[in-house]
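Notes follow once the structure below has been shown.
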Amino acid sequence: MNKRTAGMKNIILFFAAIAISHHVFSQLPQLKWWFDIDDSSFGQSVAADIDNDGKLELIFGCYRNDSMVYALNAEDGSLLWKYNTHPANFEGCNDVAPIVYDVDNNDTLDVIVPSSCNPTTFCFHGATGKVIWESPTRGSDSPPTIADIDKDGKMEILHGEFGGYVICLNIEDGSKAWEIPVDLNSWIQTAPTIVDLDGDTYPDFVVATWNAVNKDSNKVYGFRGYDQKLLWTYPLTDVVYHGTAVADLDHDNKPELVIGDYSGRVTAINGEDGSKAWEYVCPEYFYAASPVSIADVDHDGHCEVLFSAWYKVYALTHDGQFKWDYDIPDFGGSFRGMALSDIDNDAKVDAVFGTSKGDVIALKGSNGKLIWKLDLENHYGDTLKFDHAPLVADFDEDGILDVFIVGGFTNYPAFGSNYGRAYAISASKGAGPDWLMFQHDIHRRSSLCAASTGIENEVPLKKSDMMLYPNPSKGEFVIRISGKEEGSLLLSIFNMQTEKVYERKFTDIHGQSEIPISSLQVSDGIYFARITSSIKTETVRMFIIN
């Protein structure tokens, strides 16, 4: 089969290439489909229903030899659209994670992608790929975030820039709202993490610097959102590429920000004042370059911190103590970090990531034991590196969680022979939740423990015939069904530790209806409601605020 052919392929079991632990779920990972491209994808991906067909699409950008932004139908890998961001000389460096939002309020999600060597941020119509607007920038490797940062009732887009700036664009037309210098001797590579630092319920943002010449001049910066006032800085000893993860690690009802730097330090910073909560130092040469991911992986009521450093994956306790580590085979690295989701159906969150040696690996989050390892370099038949973070969801709605990731090989500066391949992998029947974009959400918080606040403004990534409202609620809500469901419906609600806290079955469902749920007796927090009908399953994140 020609490597350059896209579309659905026969499902192939790679028994010889998969290493299985004794605790693995009986379903082995299978390749669902793959899609060939002409370079690596450094910009990660986002999954969302951008054409309103009720199914997810996968959007990612590629480096110079390809220069495209792709939108693929997630169920089979077929092409929805593609766009060359620099057609004159094929040097569109689309190496920034895309983000989606309905920029023009027409009930269709759109796609925002900053570019680096072509210093422009693009906004594409989700269903067609037509350019809605494009905005000149200084160039960027910084994943964009979205929030009503200036309290005007409209969303804005923030991302860092080369030269040490952060830019804010009005989401409706791409016009520049403001631009601030952070450190003009550095670049801002990190996403501007959106978080309420000062407790006023309005969004603030956090970035860190990349000054490779004077490494000890690098800092983490916390800014107030609506007037960009500098609230605090935290000194670092080396450069930072990926942004912060957010969680209330010490249960003081205030956010901690966790970030790694190239000196091998992983630091938890108190969001309210920029002071150090704790610090973990990796062994010498183990630069902590990946984004941190956070979840309660062992159901102990505390959130753990997971990251990679050189050839190891680490898990730390909520207070920064070593919990476990895992040696990536062949001294491989995992620069873009991991997705967290229960994929082996044991009700505990697992970690999924790609490596620089062409492997996709799933580990048990609770203890770091191997669930499975899939050698996709062997499948490709040539050098293949994963410099790309995975996504996790049931892309074809067959009841099995899938993993999407893009690999490739890139030469510098002679990039004419570069190549790549996007893969969809059927992982196993797990409980989730979905991990649908780089660093988890539009605020780039990298966390299943980030508390609900008044600045949520989450994006509905998939149009559904079933919805739950109000959300947030005080434990009383309504399930609205507007589709063709008949027969019975099962509502299951899980907490952030994937423990089931409520379940109820409803019978005699006949199409459009509303089902009231009253007095759900749970504590404040984030929950996942799984609604299963005779024809589909939907999972909704819900917020309880009593």
Side-chain angles (χ1 to χ4, degrees), residues 18-21 23-25 29 44-45 242 245 247 249 258 260 266 280 282 286 288-300 302-318 322-329 332-357 359-374 376 386-393 401-405 423 425 427-441 445-450 496-498:
I18 302 171
I20 304 294
S21 79
H23 304 288
V24 73
F25 183 74
Q44 302 80 59
S45 310
H242 290 120
L249 297 175
V258 189
V266 174
Y280 180 85
C282 299
F286 279 76
S290 83
V292 170
S293 296
I294 298 178
D296 183 356
V297 297
D298 55 7
H299 295 187
D300 66 349
H302 297 287
C303 294
E304 283 75 39
V305 172
L306 282 70
F307 65 96
S308 65
W310 190 11
Y311 65 85
K312 284 184 179 288
V313 174
Y314 286 94
L316 308 179
T317 61
H318 70 284
F322 175 86
K323 184 176 180 64
W324 56 255
D325 63 8
Y326 170 84
D327 286 2
I328 299 174
S334 183
F335 180 68
R336 304 289 174 176
M338 62 198 72
L340 301 182
S341 177
D342 171 24
I343 64 167
D344 63 356
N345 213 32
D346 68 351
K348 293 182 180 180
V349 172
D350 307 306
V352 184
F353 56 94
T355 81
S356 60
K357 299 299 182 179
D359 295 321
V360 179
I361 294 174
L363 303 178
K364 282 188 171 294
S366 58
N367 56 24
K369 300 298 184 183
L370 182 68
I371 300 174
W372 49 256
K373 179 172 76 74
L374 186 59
L376 293 181
F386 288 107
D387 197 350
H388 192 101
L391 307 179
V392 178
L401 284 178
D402 307 308
V403 174
F404 177 76
I405 194 167
Y423 283 97
I425 304 160
S428 59
K429 185 178 177 62
D434 295 345
W435 190 284
L436 294 177
M437 67 180 74
F438 183 63
Q439 290 190 270
H440 185 264
D441 55 56
R445 294 172 300 178
S446 293
S447 176
L448 296 181
C449 292
M496 293 300 296
Q497 292 76 44
T498 66

With a 4.5 Å cut-off on side-chain heavy atoms, are [Y] and [X] touching?
X    : Y    : value
D296 : E304 : yes
L370 : L363 : yes
V297 : K323 : yes
I425 : V360 : yes
L306 : M338 : yes
W435 : V352 : no
V292 : S446 : no
F286 : K312 : yes

Calculate, to the nearest 0.5 Å, the distance between atoms [atom1] and [atom2] belonging to [X] and [Y] respectively.
X    : Y    : atom1 : atom2 : result
D344 : I371 : CG    : CD1   : 4.0 Å
F386 : D359 : CZ    : CG    : 8.0 Å
L316 : C303 : CG    : SG    : 13.0 Å
N367 : K348 : CG    : NZ    : 8.0 Å

Donor-acceptor contact below 3.5 Å, side chain [X] vs main chain [Y]:
X    : Y    : result
R336 : D387 : yes
D434 : L436 : no
W324 : G365 : yes
S356 : G333 : yes
D327 : P329 : no
W372 : L374 : no
S334 : S308 : no

Can you see which heavy atom on [X] is nearest to which on [Y], and at what distance?
X    : Y    : result
G432 : S341 : CA-OG, 3.2 Å
Y326 : G368 : CD1-O, 3.8 Å
V266 : A288 : CG2-CB, 3.8 Å
G337 : P291 : N-CD, 3.8 Å
A245 : I294 : CB-CD1, 3.6 Å

Between F335 and H388, ring centroids under 6.0 Å: no

Please work out whether the ring planes of H302 and H318 are parallel, tilted or perpendicular, with thresholds of 30° and 60°. parallel

Under 30°, 30 to 60°, or over 60°: which ring-plane class applies to Y314 and F307, parallel, tilted or perpendicular? parallel

Salt bridge (charged side-chain N to carboxylate O under 4.0 Å, His left out) between D346 and K364, worked out: CA-CA 10 Å; D346 68 351; K364 282 188 171 294; 2.9 Å; yes

